[in-house]
Number of protein chains: 2
Amino acid sequence: MADSEAGGERRSRPADVRAALVAAAAELIEALPESEVSLRAVARRAGVSHAAPAHYFPSRADLMAAGLAEGFDALTARMLARRDAAGDDPWEQLKAIGLGYIAFALERPRTYAMMFQPGYITGPDSDMARAGERCRAVLTDAVAKTRRPEGVDQDLGVALAWMNVHGFVSLITSGMLKCGPTEGANPTPAMADRLLSLTRPAFTK
Amino acid sequence: MADSEAGGERRSRPADVRAALVAAAAELIEALPESEVSLRAVARRAGVSHAAPAHYFPSRADLMAAGLAEGFDALTARMLARRDAAGDDPWEQLKAIGLGYIAFALERPRTYAMMFQPGYITGPDSDMARAGERCRAVLTDAVAKTRRPEGVDQDLGVALAWMNVHGFVSLITSGMLKCGPTEGANPTPAMADRLLSLTRPAFTK
DNA sequence: CTCCATTGCTTGACAGTGTCAAGCTCTGTA
DNA sequence: TACAGAGCTTGACACTGTCAAGCAATGGAG
């Protein structure tokens with residue numbers, strides 16, 4: 001429409017370039033170690049010049065943050081899918097969210113690790129901060145529905161649930177925690193289930 | 001002795017240069033964001049040329065790993081000090097270790113975060129891996145002394161204790177978790193205490 | 001004592017990086 | 001047709017990690 005060329009691919013729309021940059025960033029973040037995800041590598045993958053990103057993102061960190069915001073949205077979607085597949089019991093829903101969280105982090109470990117790296121969330125009103133907020137809201141809602149014992153208020157419950165799953169996957173992906181004797185089948189999901197179940201008393205009455 | 005100069009500072013011993021590099025790395029790791037801790041900046045701080053580190057460390061990652069190994073040792077010392085100041089009760093000792101762990105991570109957040117960054121532990125027989133192993137041993141011993149309920153074996157106990165403290169401090173330092181209403185006094189230690197206490201049933205009978 | 005090999009570090013170079021300034025090429029409007 | 005501006009490119013700068021070459025000093029052998 002706005003392009004006189006019928007073929008339409010000779011010249012891309014501005015939004016396309018921006019979207020291509022974010023997509024390329026998200027891909028490279030998972031494909032390469034953090035230090036190798038350079039602004040210029042992202043630009044090359046998106047098929048633009050090395051200075052094109054500067055028209056959309058003030059700095060490298062902002063481009064990375066845009067890719068990481070996509071990561072938060074994918075994580076949120078993953079948790080919601082698992083929650084909706086679980087039953088009606090609040091604890092089962094919370095546990096399903098936790099298992100979905102763990103599954104995402106283990107499938108996209110580099111993206112996940114970078115999401116929690118300080119320095120990419122520039123301000124509380126950035127895209128990435130908002131995506132993180134939507135993610136946290138899923139957890140907060142699930143915790144709010146549980147019937148917790150005396151002394152476990154909502155904030156404490158959210159902290160407990162989150163630090164459990166985050167701590168678990170962080171130790172796994174950093175190589176500090178080897179779970180199980182590694183005999184054939186992957187013991188991680190089973191261990192995740194056992195560990196989450198240990199916190200059950202804090203979320204049931 | 002080996003130096004003909006009586007002043008003795010004109011020419012430093014080889015071990016001094018290496019130690020100075022490691023010390024400079026440890027300082028800069030805490031003082032600057034990770035991306036700004038360059039090999040050349042460490043060399044400048046140590047007062048040597050930009051290529052001097054190459055004589056002791058094959059790559060930048062190895063120099064960083066040496067600095068991070070010092071971090072693990074400091075963490076280990078911190079946990080031991082707290083444990084020995086606690087009483088004889090196994091649970092109290094384990095909790096003291098956890099609180100020492102949290103205190104270290106919150107005092108040296110950048111060092112702590114980098115210690116768990118994948119890519120710095122090159123092999124299982126590296127200095128950093130061994131320092132991490134010594135650190136883990138403190139936790140393992142403390143968990144071994146506890147009397148845990150049926151179903152909580154030692155590996156599960158270690159995983160639970162570690163992921164709790166690691167998850168907590170990681171979420172705090174990455175800005176994801178704000179604990180308490182931030183009214184004057186720092187609410188973090190109190191929250192840490194409450195959270196650790198929630199896991200008490202897994203470590204007592 | 002002289003010579004030489006080795007160690008310990010420096011200087012120099014290279015490709016690659018993030019960021020800034022300038023310029024080119026189209027689009028839309030008058 | 002001329003103009004204004006957006007969108008992207010090219011070019012440059014200082015900086016990075018790593019490699020090659022070279023200098024100074026030590027220590028041992030002849």
Side-chain angles (χ1 to χ4, degrees), chain A residues 1-25 28-29 31-68 114 117 119-120 122, chain B residues 1-25 28-29 31-68 114 117 119-120 122:
Chain A
M1 286 230 221
D3 203 345
S4 59
E5 183 88 13
E9 292 193 4
R10 191 175 50 93
R11 195 134 194 94
S12 51
R13 313 268 73 251
D16 290 348
V17 171
R18 196 193 143 97
L21 283 170
V22 175
L28 288 188
I29 283 170
L32 301 174
E34 183 187 352
S35 66
E36 293 176 31
V37 186
S38 69
L39 205 150
R40 290 164 105 110
V42 173
R44 277 192 296 270
R45 186 173 191 90
V48 294
S49 77
H50 71 263
H55 275 259
Y56 301 100
F57 307 98
S59 77
R60 174 186 182 272
D62 295 278
L63 173 55
M64 297 297 135
L68 296 175
M114 214 163 151
Q117 198 95 22
Y120 291 115
T122 56
Chain B
M1 285 243 231
D3 203 342
S4 60
E5 181 88 14
E9 293 194 4
R10 192 177 49 93
R11 195 133 193 94
S12 50
R13 312 268 75 246
D16 290 348
V17 172
R18 197 194 141 96
L21 283 169
V22 175
L28 289 188
I29 282 170
L32 301 174
E34 185 187 350
S35 65
E36 292 176 32
V37 186
S38 69
L39 204 150
R40 290 163 105 109
V42 172
R44 277 192 296 268
R45 187 173 191 89
V48 293
S49 77
H50 70 263
H55 274 260
Y56 301 100
F57 307 97
S59 76
R60 174 187 181 271
D62 296 278
L63 173 54
M64 296 297 134
L68 296 175
M114 214 163 152
Q117 198 94 21
Y120 291 114
T122 56

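To find a chain, count down the sequence lines: A is the first, B the second, and so on, and within it residues start at 1.
With values rounded to the nearest 0.5 angstrom, B:Tyr120 atom OH is found 10.0 Å from B:Leu63 atom CG. In this structure, the separation between CZ on A:Arg45 and CG on A:Leu32 is 8.0 Å, given to the nearest 0.5 Å.
Atom-to-atom, CE of B:Met64 to P of D:dT16 comes out at 11 Å; the value is rounded to the nearest Å. Across the protein-nucleic acid pair, B:Arg18 atom CZ and C:dG8 atom P stand 12 Å apart, rounded to whole Å. Per the geometry, CD belonging to A:Glu36 stands 19 Å off P belonging to D:dT16, to the nearest Å. Taking atom CD on A:Glu34 and atom P on D:dT16, their separation rounds to 18 Å, with Å as the unit. Regarding B:Leu63, its CG atom lies at a distance of 12 Å from the C1' atom of D:dG17, rounded to whole Å. In this entry the distance linking CG of B:Asp62 with P of D:dG17 reads 13 Å, nearest Å. One atom, CG of A:Leu21, and another, C1' of D:dT9, lie 14 Å apart when rounded to the nearest Å.
DNA chain D is contacted by both B:His55 and B:Val37; B:Val37 maps to the nucleotide lying nearer its 5′ end (nearest heavy atom per residue). Mapped onto DNA chain C by nearest heavy atom, B:Gly47 and A:Ala61 fall at different nucleotides, with B:Gly47 at the one closer to the 5' end.
Taking the side chain of A:Arg44 as heavy atoms from C-beta on, and the options D:dG17, C:dT17, D:dT9, the nearest nucleotide is C:dT17. The listed nucleotides are C:dT10, C:dT19, D:dT9; the one nearest the side chain of A:Ala52 is D:dT9. Considering only the side chain of A:Arg60, C:dG18 comes nearest among C:dT10, D:dT18, C:dG18. Of the listed nucleotides (D:dG17, C:dG8, D:dT9), D:dT9 has the atom at the smallest distance from the side chain of A:Ala51.
The minimum heavy-atom distance linking A:Ala61 with A:Gly119 is given by the pair CB-O, 4.3 Å. A:Arg60 and A:Ser38 get closest at one heavy-atom pair: NE-CA, 4.4 Å. The shortest heavy-atom contact between B:Val42 and B:Met64 is CG2-CE, 4.3 Å.
For C:dT17, the OP1/OP2 oxygens have a side-chain nitrogen or oxygen of A:Ser38 closer than 4.0 Å.
Judged by distance alone, with hydrogens and angles left aside, B:His50 brings a side-chain donor or acceptor within reach of the base of C:dG12, the pair sitting under 3.5 Å. Donor-acceptor pairing under 3.5 Å, judged by distance alone, is present between the side chain of B:Arg40 and the base of D:dG17.
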